[in-house]
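Heavy atoms only: backbone and side chains are in, while hydrogens, waters and symmetry mates are out.
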Amino acid sequence: MNDAERTPMALAPAQVLCIDPGGGRATAAEARARCDAARAILQRIPAYRAARRDKLVAADVVDAVVLAAFFTDAVSVGTCAAEFAERWLAAGNAGYRVGAHVGPVARQEDDAVTDRVGGPGASVAQAIMECGDPGHILLSE
């Protein structure tokens with residue numbers, strides 16, 4: 001039995017941040033390194049750290065993008081996106097795109113943190129992000 005079968009999942013409302021660290025064509029290793037760098041920057045943002053402490057955020061890397069789902073209204077996903085962009089650029093990086101959406105995301109029913117982000121909310125956040133050009137932060141209505 002795999003982990004998904006052991007722990008019941010349910011859809012829960014979340015603020016989803018989808019980050020493409022970009023930079024054009026890249027090998028799989030280069031794309032993974034950019035995602036790791038983006039995730040490291042995201043993890044240093046105070047709102048992310050507070051949500052992580054309270055087990056109210058999940059973060060994942062899927063298809064060369066970083067997804068973070070905040071299961072709390074105490075965090076402004078727009079503020080997190082702007083702070084990410086500022087820190088990303090300050091680190092000498094470029095080429096990011098960010099999309100944000102509020103929608104349902106799979107979450108473990110026992111409220112434990114999972115590091116898998118999936119569901120309709122994550123898909124919409126990624127679709128919104130893909131509409132942007134490098135340097136854009138797009139938020140859904």
To check you understand the geometry: which heavy-atom pair defines the closest contact between [X] and [Y], and what is its length?
{"X": "Ile41", "Y": "Ala91", "value": "CD1-CB, 4.3 Å"}
{"X": "Gly95", "Y": "Pro134", "value": "CA-CB, 4.1 Å"}
{"X": "Ile137", "Y": "Ala85", "value": "CD1-CB, 3.9 Å"}
{"X": "Cys80", "Y": "Ile45", "value": "O-CD1, 3.7 Å"}
{"X": "Ala69", "Y": "Ala14", "value": "CB-CB, 4.1 Å"}
{"X": "Ile128", "Y": "Gly99", "value": "CG2-CA, 4.2 Å"}

Same apolar cluster (I L V M F W Y, side chains within < 4.5 Å links), Val61/Val57: yes
Are Val62 and Phe71 connected in the hydrophobic side-chain network, where two residues link if heavy atoms are under 4.5 Å apart? yes
Measuring from [X]:[atom1] to [Y]:[atom2], what's the distance to the nearest 0.5 Å?
{"X": "Gln15", "Y": "Leu139", "atom1": "CD", "atom2": "CG", "answer": "10.0 Å"}
{"X": "His101", "Y": "Glu141", "atom1": "NE2", "atom2": "CD", "answer": "10.5 Å"}
{"X": "Cys131", "Y": "Arg97", "atom1": "SG", "atom2": "CZ", "answer": "9.0 Å"}

Not counting sequence neighbours, which residues clear side chain to side chain contact (heavy atoms under 4.5 Å, CB included) with Gln126? List them please. Cys18, Val65, Met129, Glu130
Could I get the full list of ring pair (Phe, Tyr, Trp, His ring centres under 6.0 Å) partners for Phe84, not counting sequence neighbours? Trp88
Answer whether the closest heavy-atom distance between the side chains of [X] and [Y] falls below 4.5 Å.
{"X": "Val77", "Y": "Val75", "result": "no"}
{"X": "Leu42", "Y": "Leu17", "result": "yes"}
{"X": "Leu89", "Y": "Tyr96", "result": "yes"}

Hits for side-chain hydrogen bond (donor to acceptor under 3.5 Å, both in side chains) against Arg49, two or more places apart or cross-chain, chain-then-number order -> none
Run Asp54 and Thr72 through side-chain contact (heavy atoms from CB on, under 4.5 Å) and show every step you take. CA-CA 10 Å; Asp54 296 336; Thr72 176; over 6 Å; no
Is Gln43 atom CD crowded by more than 12 heavy atoms from other residues, nucleotides or ligands, each under 6.0 Å away? yes
